[in-house]
Amino acid sequence: MSQQPILDVQDIVKYFPVAGGLWSKPKAWIKAVDGISFQVYKGESFGLVGESGCGKTTLGRTILRLIEPTSGSIKLNGREITRLNQREMRALRRDVQMIFQDPQASLDPRMKVASIVTEPLRAFQKTGRQQLRDRALNLLEKVGLKADALDKYPHAFSGGERQRIGIARALCLNPSLIVADEPVSALDMSIQAQVLNLLGDLKTSFDFSSLIISHDLSVINHMCDRIAVMYLGVIVEMAPSNMFGRIQRHPYTAALVSAVPTPDPHKKQSPITLEGEIPSPVNPPPGCLFHTRCTYCFEHCRVERPTLVEIQAGHTVACWLNNGRGL
Amino acid sequence: MSSALLEIQDLTVSFQTSQGVRRAVEQVSLYIEEGETLGLVGESGCGKSVTALSVLGLVDRSTGLIESGRILFKGKNLLDLNTEALRRLRGNAISMVFQEPMTSLNPVLPVGRQIAEPLMTHQGLSKIEAYASAMTWLERVKIPMARKRMQEYPHQLSGGMRQRVMIAMAMVCSPSLLMADEPTTALDVSTQAQILHLIEKLKADLKMSVLFITHDLGIVAQTAKRVVVMYAGQVVEAASVTDIFDRPAHPYTRGLLRSIPRMQPPTDVPKKRLQEIKGTLPSLDIIIPGCRFADRCPEVFEPCRQKKPDLSPVQAGQQARCWLYADGSGKP
Amino acid sequence: MNKHLKNINFRCGLVLTAVVVLAAAVSFFWTPYDANRMDPGHRLEAPSFYHLLGTDQYGRDILSRVMVGAVNSIFVGLATVVIGMVAGVVLGLIAAYIGKWADESIMRLSDLLFGFPAVLTAILISAIWGPSISNVMVAIGIFYIPVFTRLTRAVALGIWGREFIEAARASGASEWAITFRHVLPNLLSPLIIQATIQFAVAVLAEAGLSYLGLGTQPPHASWGRMLYEAQTFMEISPWMCIFPGLAIAWTVLGFNLLGDGIRDNLDPYML
Ligand SMILES: Nc1ncnc2c1ncn2[C@@H]1O[C@H](COP(=O)(O)OP(=O)(O)O)[C@@H](O)[C@H]1O
Ligand SMILES: Nc1ncnc2c1ncn2[C@@H]1O[C@H](COP(=O)(O)OP(=O)(O)O)[C@@H](O)[C@H]1O
Ligand SMILES: [Mg+2]
Ligand SMILES: [Mg+2]
């Protein structure tokens, strides 16, 4: 890991208004992302994992400024981007691209593949027709699609192939950071492995850093070097992935890991069952956000929200239990 | 297999589509014994739901056709029953839980009423008795404040809660067979764990059999006693859960097991690369002369592309639809 | 066979409209008789070998007049749809893209226009500028603006919310590029469908207004005008009203079927 992070996120907050009447002020706020900080270093794969509704997508889109953050700072290659105007921001998009969850929805059904994959290129420089086609061809080859795909429309492809098209588009300008929001969640089992391998291979050949978002712990664990676990808009634990499969210090992470069914009939699991449901992000509990479902909860947890504390090199946990002790 | 509660023999179902006739399910055979959980596993579109829907006669009448086969439930062929007899069976002796509870619950009726309904129609309970029973069921599926929830509508409940309501509805008449069609696919892992636990517990309490349909090999390993693997409309392998995971016979099953990312990868697999199955799923609209997996199979040889393989025994209790085992020796 | 042609609506619509367009095109070069030439010797003649559809009270050949009337109808249809569509698409896109006050004011304005009866607009316009075919076109065209504005706005809002727009934005595409490369192409199919239907409505409206004497002025041939003139002779020479009436019904049906057919065909999976 080098010194300067590619992406440096500090205290990002995103609240969505709950619409009141047509003309009135919002009644309340959905606290989708509530103070998140992390860094992604060069060459690294950083994973964000958490259950649906915990704010992963909102965070990912905020980092690309597809959504405006309520507050906080985002530095891309050392440059603060939250205050850039639309034109300046657009110029910056060369360097950071996105892969979307739904390969069907994220490709324009009325555009041919050749135009789709070269869209980033056309956005930034005047390029001749032949050059565009050459680039498209080159990209398709890189993601394992045949040349005859160029002049077809997205509907002619299977889900896995469409995701390859989406990946080719993201790679078009050799970005230094790729944000992938659930890149394999919509794919079939036997196709998931292909796309995961492809992303791994491309990462080596194109040399980008990535921020991978997924609800699937095994996917994140497989793909990422470091992992952050989110709950209700905050990060509760952050650790390198090799540590992640074994030691978890946050009760939520421990429950999450134990709930993933192991594909091994000889290891019968007894998951740590969490009581109740995730509280609403409109009315998050005071103190530690997880205290309403935590079996270890004590007095202090109800009062003050814990911050991320480093308990080991590269391993941080936001839990009052871990200020010195462990689970 | 006289002890089988449900036995499907050579079921073939096709649909009329704009592209022509689509064989969604071809010669599917499986059985479920009393009190056991059978895992039916396969990728989306491989025919799992159609197989389950055929049991209850719920395959879309206008386009779907059960071409052949028998579905024996307690020895009686369900395909011979008329609609009225089938209706009496549904939600009574055989019930089903679907992936997306929102589409199978009635949005304009309170959930209490929906749970009580089958009791009144199938068991002739009075309204008061049925509602009382419905409420105990809501408590049994661990819905907090059951009395209040009785009056609520499906949209007022969370996804996990709705799935609990669906399960309560499926359970009220104490079915002898529960068909759970991807009941946790739309849920988060922690909610999934709760629902799996609930189904497991109810199964033990009511001594029923469960057909658990899923695409998640982890769930299969954790819940099923025997497993049937489907691929492109066919059963490709059937075996006990330990054989499937320890000695998978069909190249597809083997490939699948190697291709899934694991929390703790087995030591022989380098972490950063999965062993993928090449190629894409075949279209069901094209008739393939040989094995449907041949194009993606690493072990393909001459007969595979010429003739359809049958389910051949591999060892006691294990069968695979693969030419490797066609000589009956059980060895590739 | 072409996939589109499999659709029965599309096929029928295409045949019906093709006949009308062909008749109009041919009439530029050739009609059986001069459409406006009076022939007192052959007044109110029933259909015969010489006059396939008969003659009117001045002895003019009805087939020729129906053919020339087709030009008139097509012209009105085209012009009104173009006026309505161009203005409507621009306004609709502005409303959808800017939102807030722009959306509010554009939508209220189009409500106002929409609430105003077309016939009344036409009467008003003819009262001010005098009755003429161009005024009819302007009147109907204005009436079409809110139709296309609403459609464009509704569809564009939907498209702007789709994920591929966000993907384009994340790729670095400018808002102009997004509008022209993604929004407009996806708008095209609903617009074409609407256009064919409005075309049919315009043919009907022009006929109605000409019938009222507000549209095409004599001696020019217009189906509505022909119907109006025919009513006095209904009993003695019914062919005078049957054939223009049939032409109107034929055209309206043709364009409606075409619209339905396109709608069925424009499932993106059939491109
Ligand atoms: N555009 C929006 N307007 C209002 N609320 C939103 C919007 N997008 C997301 N949310 C809310 O923010 C929370 C986090 O959502 P999301 O980021 O999509 O979670 P995840 O991707 O982890 O499933 C959810 O409660 C969701 O309802
Ligand atoms: N009503 C229907 N009409 C046409 N095809 C259908 C219909 N229902 C299912 N199919 C087809 O049958 C195949 C199997 O579907 P299904 O049993 O739902 O798969 P899954 O294993 O995901 O549950 C799919 O290819 C699907 O397209
Ligand atoms: Mg998300
Ligand atoms: Mg299914």
Side-chain angles (χ1 to χ4, degrees), chain A residues 50-54 144 157-161 184 186-198 200-201 203-204 215-223 241-242 244-246 252 255-278 280 293, chain B residues 41-46 144 158-161 184 186-194 196-197 214-225 227 231 240-246 252 255-266 271-281 283 296:
Chain A
E51 297 181 279
S52 64
C54 73
F157 298 88
S158 68
E161 291 165 331
V184 297
L187 306 178
D188 273 321
M189 280 188 291
S190 72
I191 307 301
Q192 279 200 2
Q194 296 176 355
V195 173
L196 289 177
N197 279 344
L198 177 69
D201 297 345
K203 192 162 175 319
T204 323
H215 70 280
D216 189 329
L217 267 167
S218 10
V219 165
I220 287 286
N221 192 48
H222 172 80
M223 290 188 80
S241 65
N242 57 7
F244 191 78
R246 295 168 240 290
Y252 176 65
L256 211 55
V257 171
S258 82
V260 179
T262 314
D264 183 351
H266 302 293
K267 285 192 196 132
K268 289 290 176 204
Q269 288 166 296
S270 41
I272 306 168
T273 39
L274 291 176
E275 292 303 314
E277 311 224 335
I278 301 181
S280 148
R293 305 171 76 193
Chain B
V41 63
E43 298 176 77
S44 67
C46 73
S158 69
M161 240 27 137
T184 60
L187 306 175
D188 282 317
V189 274
S190 63
T191 320
Q192 166 172 292
Q194 296 169 351
L196 292 180
H197 180 72
T214 179
H215 65 265
D216 186 329
L217 289 166
I219 295 181
V220 171
Q222 294 299 321
T223 59
K225 187 168 143 256
V227 181
Y231 182 77
S240 72
V241 68
T242 46
D243 282 340
I244 285 279
F245 283 86
D246 297 345
Y252 173 64
L256 211 52
L257 281 167
R258 274 199 292 250
S259 73
I260 48 172
R262 296 166 193 248
M263 288 301 283
Q264 279 134 353
K271 185 186 166 190
K272 288 300 167 197
R273 231 188 132 73
L274 300 163
Q275 292 186 31
E276 61 189 56
I277 304 177
K278 302 256 184 288
T280 52
L281 290 158
S283 161
R296 307 177 71 187

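Just so it is clear: chains get the letters A, B, ... in the order the sequence lines come, proteins before strands, and each one is counted from 1.
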Can you tell me how far apart CG (D246(B)) and NE2 (H266(A)) are? Round to the nearest 0.5 Å.
3.0 Å

Which of the residues Q222(B), Q192(B), K278(B) is involved in the greatest number of heavy-atom pairs with chain A at under 4.5 angstrom?
Q222(B)

Distance-only side-chain donor-acceptor flag, D188(A) / H215(B), under 3.5 Å:
no

Pick one of side chain, backbone, both or neither for L256(B), based on which atoms fall under 4.5 Å of a heavy atom in chain A.
side chain

As an exercise: rank G160(B), S283(B), S44(B), G42(B) by heavy-atom pairs under 4.5 Å with chain A and give me the winner.
S44(B)

Mind ranking V241(B), V189(B), V220(B) by heavy-atom pairs under 4.5 Å with chain A and telling me who comes out on top?
V189(B)

Output the distance between atom CD (E276(B)) and atom OG (S190(A)), rounded to the nearest 0.5 Å.
10.0 Å

How close do S259(B) and A193(A) get, counting heavy atoms only, and between which atoms?
O-CB, 3.3 Å

Stepwise side chain to side chain contact (heavy atoms under 4.5 Å, CB included) check, M161(B) with E277(A):
CA-CA 9 Å; M161(B) 240 27 137; E277(A) 311 224 335; 4.1 Å; yes

Report which part of D201(A) has an atom under 4.5 Å of a heavy atom belonging to chain B: side chain, backbone, both, or neither.
side chain

To the nearest 0.5 Å, how far apart are CG in L274(B) and CG in L196(A)?
6.0 Å

With E51(A) via side-chain hydrogen bond (donor to acceptor under 3.5 Å, both in side chains) - residues at least two apart:
Y252(A), S190(B)

Is there a side-chain contact between P261(B) and M223(A) (heavy atoms, below 4.5 Å)?
no

For the side chain of Q194(A) and the backbone of G279(B), is there at least one donor-acceptor N/O pair under 3.5 Å apart?
yes

Test side-chain hydrogen bond (donor to acceptor under 3.5 Å, both in side chains) applied to K225(B) - qualifying residues, sequence neighbours left out
E36(B)

Heavy-atom pair of closest approach, residues L274(A) and Q194(B):
O-NE2, 2.5 Å

Out of A259(A), S158(A), G159(A), S270(A), return the one with the most heavy atom pairs under 4.5 angstrom to chain B.
A259(A)

Regarding T262(A) and R262(B), is there a side-chain donor-to-acceptor distance under 3.5 Å anywhere?
no

CD1 (I191(A)) and CD1 (I277(B)) are apart, to the nearest 0.5 Å, by 8.0 Å

Under 4.5 Å from a heavy atom of chain A, the part of I260(B) involved:
side chain

Spacing of L217(B) atom CG and M189(A) atom CE [to the nearest 0.5 Å]
5.5 Å

